[in-house]
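Residues: numbered from 1 along the sequence shown. Whatever order the structure lists ligands and atoms in, that order sets their numbers, starting from 1.
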Amino acid sequence: MHDVGAGRISQNGNKAGTSATLPLVSRVADEQTIVWVRDVPIGGADAVVMAGPCSVESRRQVIETAIAVKESGAVILRGGAYKPRTSPYDFQGLGVEGLKLLREAGDVTEMPVVTEVMSEEDIDIICDHADMLQVGARNMQNFALLRKLAKTGKPILLKRGASATIKEWLSAAEYLLHGGNEHVVLCERGIKTFDSSLRNTLDLAGVALVKEMTHLPVIVDPSHATGKRSLIAATAKAALAVGADGVIVEVHPEPEVALSDGAQSLTFPGFAAMMDSLRSPLRHIHQRKELAVCT
Ligand code: PEP
Ligand code: MN
């Protein structure tokens with residue numbers, strides 16, 4: 001972990017020139033922060049895969065999913081207990097019961113767990129159960145929540161707001177570092193654009209740009225970015241190709257009956273196939289055969 005104390009502000013080496021306005025998150029020269037979630041380093045040489053259900057629905061669902069994703073190579077378990085749903089009539093999450101089940105699934109599989117914090121009043125109970133706290137897209141600019149989360153000292157997964165500029169996203173991260181928490185991982189999860197063909201538009205160039213601008217690790221959520229199961233493996237691979245430090249993916253034992261985000265959740269075999277494709281190299285570049293040189 002690099003030192004975020006006084007004296008980090010530098011005019012040198014900050015390619016995007018944000019060191020004056022975003023002194024704590026801006027990258028100086030080639031520095032790179034590693035955020036540890038228990039024993040898992042995010043931002044190091046290896047990309048990290050987080051996976052699990054959108055919502056924790058039952059003991060069986062979350063434990064089966066944890067076992068399956070761990071077997072295929074995930075190292076952090078995700079699962080929502082407090083869900084930010086567009087409609088108040090949709091499943092809102094199991095709350096404390098969901099937290100306990102997520103913790104149990106993490107313990108059974110020896111994986112750290114990440115879950116979303118929607119409200120200041122839930123912070124303490126979530127800290128008792130989770131290893132990493134997710135700030136969802138809808139709360140990226142909830143500054144009161146960010147200030148409180150800064151005080152927890154827990155690793156934070158800060159999702160980009162669907163309509164947030166990169167500067168606004170980094171400013172939200174600056175709140176967390178300014179409040180005393182330097183354990184921040186950024187997550188691009190798609191933004192709203194004119195095109196409604198997909199749930200969101202994955203801003204991969206933005207990921208590459210943010211990697212230049214900040215020393216914080218940056219991961220990508222291809223599930224929420226696309227909303228479409230068939231596109232997750234390809235976009236996850238593309239994310240790693242542009243320099244993301246990892247991906248977070250939704251997985252469900254039976255996506256067709258999921259209580260949230262089934263259409264963008266991988267099955268267990270689908271997740272295993274995605275992991276295989278992430279491990280195989282990108283395409284080779286075609287080379288023309290050497291022409292015989294006439295002398
Ligand atoms: C989620 O992770 O299930 C979620 C609601 O994410 P986002 O805040 O990116 O929509
Ligand atoms: Mn979801």
Are any of the N/O atoms in [X] less than 3.5 Å from those in ligand 1?
{"X": "R138", "value": "yes"}
{"X": "R78", "value": "yes"}
{"X": "H224", "value": "yes"}

*asked:* Minimum distance, heavy atoms only, to atom 8 (O) of ligand 1: which one of A137, S55, C187, G161 is it?
replied: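 That would be A137.
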*About how large, to 10 degrees, is the angle NE2 of H224, then the Mn ion (ligand 2), then SG of C54?*
170°
Using a 4.0 Å cutoff against the non-hydrogen atoms of [X], which atoms of ligand 1 qualify?
{"X": "P84", "result": "5 (C)"}
{"X": "K83", "result": "1 (C), 3 (O)"}
{"X": "G136", "result": "8 (O)"}
{"X": "C54", "result": "3 (O)"}

*Under a 4.0 Å heavy-atom limit, does S260 contact ligand 1 with its side chain, its backbone, both, or neither?*
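Neither; no heavy atom under 4.0 Å.
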_Any G80 heavy atom less than 4.0 Å from ligand 1_ = no
*Assess E250 for proximity to ligand 1: is some non-hydrogen atom of it under 4.0 Å away?*
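E250: in contact with ligand 1 (<4.0 Å).
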_If we check side-chain contact (heavy atoms from CB on, under 4.5 Å) with I166, which of these qualifies: I191, V210, L186?_
V210
*asked:* Check for me, please, whether L198 and V220 land in the same ILVMFWY cluster - side-chain distances under 4.5 Å, paths through other members count.
replied: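 Hydrophobic grouping puts L198 apart from V220.
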*Between L216 and A173, which heavy-atom pair has the shortest distance, and what is it?*
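Distance-wise, the nearest heavy atoms are CD1-CB, 4.0 Å.
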_Quick check: closest heavy atoms across A137 and R189, and the distance to 0.1 Å?_
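Of all heavy-atom pairs spanning A137 and R189, the closest is CB-NE, 3.3 Å.
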*Determine which of the N, O or S atoms in D261 is closest to the Mn ion (ligand 2) and give its atom name.*
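The atom in question is OD2.
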_Atom name of the N, O or S atom in E250 that lies nearest to the Mn ion (ligand 2)_ =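 The nearest such atom is OE2.
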*Name the closest protein heavy atom to atom 9 (O) of ligand 1, giving the residue it belongs to and the distance to 0.1 Å.*
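Ranked first by proximity to atom 9 (O) of ligand 1 is R189 NE, 2.7 Å.
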*Decide, yes or no, whether a salt bridge links K100 with D128 under the criterion of side-chain N to carboxylate O below 4.0 Å.*
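Between D128 and K100 there is no salt bridge, as every charged N stays at least 4.0 Å from the carboxylate O atoms.
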May I ask you to check whether [X] and [Y] show a side-chain donor-acceptor distance below 3.5 Å?
{"X": "S55", "Y": "S260", "value": "yes"}
{"X": "D261", "Y": "H224", "value": "yes"}
{"X": "D195", "Y": "S197", "value": "yes"}

